[in-house]
Amino acid sequence: MTETPPVQIVTLTINPAVDISTSVRKMMPFTKMRCAEAQRDPGGGGINVARVLTRLDIDAIAIYPAGGATGQTLARLVERESVRSIVIPTANDTREDITVFDETTREQFRLVFPGASLSEFEWQQCLDAVTRISSEAAFVIASGSLPPGIPIDFYGRVVRASKGAARVIVDTTGISLKAALDAGVYLIKPNLHEFQDLAGISTEDEPALLEAGRSLFARHRIEMIALSMGSQGALLLTRDVALRANGLPIQPVSVSGAGDSFLGAMVSSLEHDDDLEAALRYGVAGGSAALLSPGTGLCVREDIHRLASSVEVTAIAGYHA
């Protein structure tokens, strides 16, 4: 494998996909539905974050496994977006996911497949790639679901593979997220449902969310929690600071990739400086901008900068973890 030049941010996508999006006049059961021309984009959490960072002129390199004809298509799509990558060859074909927009109801249907299993050699190669280049990176971002064959503590291994040289961000869900927390994570970015599952709560009440955040800081090695809440905005929590950002009134064209766009825009701000208010503002702007792009197109640079000026960030008084 060839040497790569120094990079600001490394992303790891252990379960990538080629995202296929289209539209139909109306979703109908047991009916042959004529689709619009398909749009294909590279997909998977870390790849999406790298796409956003590249659009914001942040140097990023995406590490991901890929196999078969779909894997070759994925690599071409990533290259088309000028994202540098380290591709780990796999025996099994890379998955495809499908998004369908109903033009009548304006509802979006997302069909997400589990992904092909990886051998121990293949996923270990991904970890080895992180180890080789993380020492020169400001951030390592491990994002997305785990495919079959991956140990449940994989993201904890990613943290350890980074050897503390970079700030590690983990964006995943369920047991795989819980397994990463004690390894020492700089930032997690759950949405509201994922946060409720992680904290074991069901309420959306802000004081309860803050208390749940305090509990997570007390139990785990986390420096920051970015909680995205869709139209309700977002919370950004550290042990000493709690910030609230308002949501923006946007009629979504698509919801695909909003979380990845939120994270990419936020990290682009953090890469410049540690101004948490600015980071939250750009995160909400990035997630909101993704709602304006059809299919799996993600956010557009101009929309992020335009929307950021409309995001108001306020500190929550009296908070301390």
Side-chain angles (χ1 to χ4, degrees), residues 1-16 42 44-54 56-66 74-75 78-79 81-90 118 120-147 150-172 176-189 220-226 260 263-274 279:
M1 197 167 295
T2 59
E3 289 294 319
T4 57
V7 66
Q8 290 170 283
I9 297 175
V10 175
T11 74
L12 173 62
T13 310
I14 199 64
N15 198 19
I47 289 174
N48 285 341
V49 172
R51 291 167 64 193
V52 173
L53 289 166
T54 300
L56 293 170
D57 298 325
I58 302 295
D59 186 28
I61 189 165
I63 300 171
Y64 57 92
L74 175 63
V78 172
E79 183 179 5
E81 298 221 14
S82 301
V83 175
R84 287 201 286 143
S85 60
I86 295 176
V87 182
I88 308 301
T90 63
L118 298 183
E120 180 176 354
F121 175 80
E122 289 165 350
W123 60 255
Q124 187 62 57
Q125 286 286 99
C126 294
L127 285 180
D128 291 346
V130 171
T131 301
R132 284 197 304 273
I133 63 175
S134 62
S135 62
E136 298 176 341
F139 296 93
V140 171
I141 303 171
S143 180
S145 60
L146 300 182
I150 302 294
I152 204 64
D153 68 340
F154 179 79
Y155 284 128
R157 300 184 189 213
V158 173
V159 177
R160 292 187 288 273
S162 302
K163 297 180 179 178
R167 290 182 283 185
V168 182
I169 296 171
V170 174
D171 186 12
T172 189
S176 57
L177 174 58
K178 294 176 183 177
L181 297 185
D182 288 327
V185 178
Y186 172 70
L187 169 70
I188 60 172
K189 193 223 67 63
H220 303 290
R221 294 172 58 199
I222 312 168
E223 293 187 38
M224 198 180 308
I225 301 170
D260 297 328
L263 182 56
M266 170 176 270
V267 173
S268 75
S269 180
L270 289 171
E271 199 281 330
H272 288 299
D273 59 50
D274 291 326

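Atoms considered below: every heavy atom in the structure, side chains included; atoms not considered: hydrogens, waters and symmetry mates. Given the structure is predicted, the values throughout are model-derived calculations rather than measurements.
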Please round to the nearest 0.5 Å and tell me the distance separating atom [atom1] of [X] and atom [atom2] of [Y].
X      : Y      : atom1 : atom2 : value
Glu271 : Asp59  : CD    : CG    : 9.0 Å
Leu118 : Cys126 : CG    : SG    : 6.5 Å
Arg84  : Thr11  : CZ    : OG1   : 11.5 Å
Phe154 : Leu127 : CZ    : CG    : 4.0 Å
Glu79  : Leu74  : CD    : CG    : 11.5 Å
Ile14  : Glu122 : CD1   : CD    : 9.0 Å

Determine whether [X] and [Y] make a side-chain contact, defined as any pair of heavy atoms from C-beta on separated by less than 4.5 Å.
X      : Y      : result
Pro147 : Trp123 : no
Ile86  : Ile133 : yes
Val267 : Val49  : no
Leu177 : Val170 : yes

Please give me the minimum heavy-atom distance between [X] and [Y], naming the atom from each residue.
X      : Y      : result
Leu53  : Gly264 : CD2-O, 3.4 Å
Pro65  : Pro16  : O-CG, 3.1 Å
Val159 : Gly184 : CG1-O, 3.4 Å
Ile58  : His272 : CD1-NE2, 3.8 Å
Ser143 : Gly45  : OG-CA, 3.4 Å
Ala137 : Val10  : CB-CG2, 3.8 Å

Kindly write out the residues that satisfy side chain to side chain donor-acceptor pair (under 3.5 Å) with [X], not counting sequence neighbours, or none if the list is empty.
X      : value
Ser268 : none
Asn15  : Ser145
Asn48  : Arg51, Asp260
Asp274 : Arg167

**Request:** Verify side chain to side chain contact (heavy atoms under 4.5 Å, CB included) between Val168 and Tyr155, making sure each step is shown before the conclusion.
**Result:** CA-CA 10 Å; Val168 182; Tyr155 284 128; over 6 Å; no
Tell me every residue that passes side-chain contact (heavy atoms from CB on, under 4.5 Å) with [X], counting only those two or more places apart in sequence or in another chain.
X      : value
Asp128 : Gln124, Gln125, Arg132
Ala279 : Met266, Ser269, Leu270
Ala179 : Asp153
His220 : Leu181, Asp182, Leu216, Ile222

### Message
Could you walk me through whether Tyr64 and Val87 satisfy the side chain to side chain contact (heavy atoms under 4.5 Å, CB included) test, starting with their C-alpha distance in whole Å, then the side-chain angles of each, then the deciding distance to 0.1 Å, before giving a yes or no?
### Response
CA-CA 5 Å; Tyr64 57 92; Val87 182; 3.4 Å; yes
Q) Hey, does the side chain of Thr13 reach the backbone of Ile47 with a donor-acceptor pair shorter than 3.5 angstrom? A) yes
When you measure from the side chain of Thr172 to the backbone N and O of Gly144, does any donor-acceptor pair fall under 3.5 Å?
-> yes
As a quick check of understanding, evaluate side chain to side chain contact (heavy atoms under 4.5 Å, CB included) for Glu81 and Thr54, giving each step before the final call.
CA-CA 8 Å; Glu81 298 221 14; Thr54 300; over 6 Å; no
>> Working note: Ile169 + Met224, criterion side chain to side chain contact (heavy atoms under 4.5 Å, CB included); need CA distance, chi angles, decisive distance, verdict.
In response: CA-CA 9 Å; Ile169 296 171; Met224 198 180 308; over 6 Å; no
